[in-house]
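Working notes, structure below.
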Amino acid sequence: MTTTTDQPLLRIRDLHVAFPTDDGLVHAVNGMDLTLARGETVGIVGESGSGKTVTSQALMGLLKETRAQVTGEILLDGTDLNSLSEDRMRAWRGKKIAMIFQDPLSAMHPFHSVGAQIAEAYRVHNKVSRKAATAVAVDMLGRVGIPDPKRRAAAFPHEFSGGMRQRAMIAMALVCEPELLIADEPTTALDVTVQAQILDLLGELQQETGTAVVLVTHDLGVVAEVCHHVAVMYGGQCVERGSVRELFRDPRHPYTQGLLASMPTLGDDGERLRPIPGFPPSLTALPAGCLFADRCPQTHRVPDGRCHSERPAFLTGDAADHPSRCHQETLATAEEAAR
Amino acid sequence: MIAFLTRRLVATVVLLAVISFVTFTLFHFGPADPAAAACGQECTPERIAEARVALGMDKPFLSQYLTYMSGLFHGRTVGAPGAESLCQWPCFGKSFQTNEDVAAVLERALPYTLSVAVGAIVLWTVVGVTFGTLAALRRNKLTDKLIVGAASVGVSLPIPVTGLLLLLVFVSTLDVLPFTTNAITSPFGPAGFDGWFLNYLLPWVALAVLFSAQYIRVTRSSMLETLGEDFMRTARAKGLSKAAMVVRHGARAGLTPVVTMLGLDIGLLLGGAVLTEQIFSVPGVGFTAVRAAQAGDLPLTMAITLLAAFFIIVANVVVDAVYAVIDPRVRAA
Ligand SMILES: Nc1ncnc2c1ncn2[C@@H]1O[C@H](COP(=O)(O)OP(=O)(O)O)[C@@H](O)[C@H]1O
Ligand code: SF4
Ligand SMILES: [Mg+2]
């Protein structure tokens with residue numbers, strides 16, 4: 001396997017995830033595409049239930065050996081994680097690809113000291129003594145800005161404040177210097193000032209280590225602050241992606257436009273705001289047409305009721321830098337071609 | 001931690017005092033008349049009156065209680081004036097049936113109860129935790145269904161049924177195991193570990209069938225809950241192997257309820273496994289308690305009641321202490 005510098009670190013192609021349940025097959029992710037270069041940050045934004053967490057779980061291989069049906073490609077450094085066996089994936093978890101979670105209190109073991117949990121993460125992939133690993137853990141706690149790290153390493157998660165816990169969680173994820181860090185709503189459980197501190201910390205560490213980051217959030221404000229690129233998710237699909245500049249300046253997809261128009265001021269709990277009237281599609285019975293059609297205010301711009309009959313795809317070619325999954329794009333390119 | 005234990009110990013002593021007082025009161029004002037019970041069959045009113053004096057029942061209630069309690073800390077003399085005899089520490093009075101010190105009767109019975117308890121506890125804990133964990137790990141698969149099925153049968157089998165079946169099959173029909181003998185009370189005695197083991201195997205199994213089933217259920221549901229916790233997902237995200245995940249992260253949290261249950265069951269069982277001891281004719285504390293109650297032997301009955309309460313309370317304290325060791329969040333509280 002050859003790795004060239006211009007090959008992206010991560011490339012997700014047509015990822016589908018479905019969960020068999022008593023109510024039928026839940027189509028949580030329906031053709032997700034994403035590309036991420038080394039050392040960069042991509043934000044995945046979308047309202048609650050749009051499949052962000054399921055996408056990150058698929059990335060970590062956490063859906064392996066569960067009932068979830070996962071298809072598509074997740075290429076990390078050219079290797080398809082989705083076709084790796086659980087055993088081989090385990091060797092990558094924590095080492096090449098690591099994850100931090102929304103609620104650090106429940107994500108840490110209540111009975112083990114914070115230092116021990118970080119040391120454990122290090123020892124899984126490095127043959128060192130417990131003592132050496134603890135030293136690494138203490139050092140790591142210092143690097144994520146925890147004062148008096150030697151003493152705090154012996155403390156338990158419940159003895160940390162929310163912000164400090166998330167710092168410790170970051171230390172745990174980065175201790176093996178992974179190439180890719182997935183952060184699933186890392187600041188949602190924290191209050192506003194602490195949110196900003198944690199985001200700053202992530203930025204700093206990324207500069208230092210060159211780790212690429214997938215930042216999952218429902219908060220466009222967070223994306224604007226820390227990401228290079230952004231992918232907007234709706235109904236388990238990426239409906240628009242591009243550089244943060246492009247996307248904020250010229251949102252193409254009606255859903256993105258709706259999101260931006262109703263962008264909450266920083267610190268509001270975006271999860272509770274429902275920016276666009278209506279509800280996301282039922283994941284057990286996906287509509288035949290555009291997944292956004294039921295809520296879209298622009299269906300009249302597309303002729304022949306195609307919004308309801310035909311699922312739009314991403315365009316490749318010129319539009320590939322900033323594609324939007326909407327029939328209006330196809331029409332626009334067709335018009336251009338006609339001219 | 002020290003403060004925590006001190007607090008619990010003080011509370012325990014207070015609780016023991018209260019329990020002893022309540023027990024004493026119940027026996028004192030209960031329907032049974034100790035004097036009538038003590039003087040046996042051919043009682044005349046005069047002899048009952050004598051017995052009342054001999055038992056100290058002519059004194060006020062509170063002073064009787066204090067006399068009784070003082071006997072628990074140092075020996076005292078009991079009996080009618082002129083016919084006193086020494087009741088050695090710890091004095092629970094004399095048995096109405098044999099006029100022996102109650103403490104001596106208990107001392108004789110305890111090794112039997114211990115023998116029954118130790119083996120049964122080990123057996124059901126190992127079986128319960130192993131199969132409960134296995135069922136949780138194989139959730140909804142055939143292994144799980146078989147284990148859960150076996151457990152539902154187990155919990156619905158009363159000890160007398162299991163016990164009698166075991167006797168019928170292994171002693172009467174197959175004749176592969178001896179009927180329990182009272183000669184063996186310890187694995188270190190002349191019969192050796194093997195003799196002790198074989199002697200108590202059937203009572204252990206009789207108890208373990210019921211308790212294993214309960215432990216399987218508790219272990220399974222608690223492990224299932226733990227396996228679904230966020231921290232288990234974190235453990236997996238670290239790249240831990242399945243075994244390390246289950247042992248270091250899952251069992252540590254998932255088995256805490258089992259520890260609680262175990263502590264309380266140990267306390268309960270030390271007070272005598274009444275049914276099991278009856279069926280296998282093991283003269284342990286439970287067996288003795290039934291005999292004493294039938295014979296109206298109030299001092300012995302009351303002593304066993306106190307002893308059972310004592311074991312249960314101590315077990316509670318031990319469970320709390322162990323809990324504090326396992327869960328750092330408890331220590332702080
Ligand atoms: N294990 C599962 N079984 C069934 N449905 C699931 C499972 N995990 C997630 N889902 C469903 O998939 C959808 C997407 O969930 P999620 O990725 O958590 O959304 P987000 O993180 O964007 O809020 C939700 O409707 C959720 O109910
Ligand atoms: S395809 Fe139609 S429904 Fe879908 S976003 Fe575009 S205009 Fe709206
Ligand atoms: Mg989520």
Side-chain angles (χ1 to χ4, degrees), chain A residues 53 56-57 59-67 86-114 116-126 154-159 168-169 172-173 175-176 178 181-184 189, chain B residues 1 3-4 133-134 136-145 219 222-260 319-333:
Chain A
T53 296
S56 10
Q57 286 173 348
L59 270 176
M60 279 301 282
L62 294 176
L63 300 174
K64 286 180 195 294
E65 301 196 336
T66 71
R67 299 202 301 171
E86 165 70 12
D87 261 1
R88 292 210 31 221
M89 185 72 218
R90 185 186 341 126
W92 285 44
R93 275 190 212 116
K95 178 145 184 70
K96 291 201 88 167
I97 174 168
M99 185 158 180
I100 56 183
F101 301 94
Q102 176 170 341
D103 179 4
L105 183 59
S106 64
M108 290 203 198
H109 201 292
F111 301 171
H112 297 293
S113 75
V114 169
Q117 298 192 49
I118 299 171
E120 183 186 41
Y122 188 71
R123 284 188 77 200
V124 178
H125 301 291
N126 299 276
F156 293 93
H158 74 272
E159 296 169 327
M169 196 72 217
M172 194 188 305
V175 71
C176 292
L181 175 71
I182 303 163
D184 188 359
Chain B
M1 187 72 193
F4 171 84
T133 307
L134 195 66
L137 291 176
R138 298 267 180 279
R139 178 180 201 174
N140 290 336
K141 303 231 172 77
L142 183 66
T143 325
D144 179 30
K145 288 185 176 143
T219 305
S222 168
M223 281 302 283
L224 275 182
E225 199 186 316
T226 305
L227 293 177
E229 294 276 1
D230 284 0
F231 59 75
M232 292 304 290
R233 190 188 54 194
T234 309
R236 194 166 173 218
K238 284 177 179 179
L240 283 180
S241 69
K242 189 132 198 189
M245 269 172 68
V246 171
V247 174
R248 257 185 296 186
H249 293 249
R252 183 77 194 273
L255 295 185
T256 4
V258 179
V259 171
T260 313
V319 163
D320 281 357
V322 170
Y323 229 107
V325 172
I326 297 178
D327 188 345
R329 291 169 303 185
V330 175
R331 257 172 267 166

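A, B, ... follow the sequence lines: proteins, then strands. Residue 1 opens every chain.
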### Summary
So, the part of A:Met60 with a heavy atom under 4.5 Å from chain B: the answer is side chain

#### Entry: Interface moiety of B:Thr256 toward chain A, non-hydrogen atoms closer than 4.5 Å
side chain

### Task
Could you tell me the separation between the CG atom of A:Leu105 and the CZ atom of B:Phe231, rounded to the nearest 0.5 Å?
11.0 Å

### Any donor-acceptor N/O pair, A:Ser106 side chain to B:Asp230 backbone, under 3.5 Å
no

### Message
Between A:Ala107 and chain B, with a heavy-atom cut-off of 4.5 Å, which part of the residue counts as in contact: side chain, backbone, both or neither?
### Response
both

### Message
Students often mix this up, so state it plainly: with edges at 30° and 60°, are the rings of B:His249 and A:His109 parallel, tilted or perpendicular?
### Response
perpendicular

### Summary
Turns out that what part of A:Met89 lies under 4.5 Å from chain B's heavy atoms comes down to neither

### Query
Any salt bridge between A:Glu86 and B:Lys242, counting N to O under 4.0 Å?
no

### Query
Can you tell which of A:His125, A:Arg90, A:Arg93, A:Met172 makes a side-chain contact (heavy atoms from CB on, under 4.5 Å) with B:Lys238?
A:Met172

### Task
Looking only at non-hydrogen atoms, find the nearest pair between A:Pro110 and B:Pro328 and report the distance.
O-CG, 3.2 Å

### Between A:Gln117, A:Arg123, A:Met108, A:Glu120, the one whose heavy-atom pairs under 4.5 Å with chain B are most numerous
A:Glu120

### Query
Using non-hydrogen atoms only, which part of A:Phe111 is less than 4.5 Å away from chain B: side chain, backbone, both, or neither?
both

## Note on the structure
Turns out that what part of A:Lys64 lies under 4.5 Å from chain B's heavy atoms comes down to both

### Query
What is the minimum heavy-atom distance between B:Thr234 and A:Met169, and which atoms define it?
CG2-CE, 3.6 Å

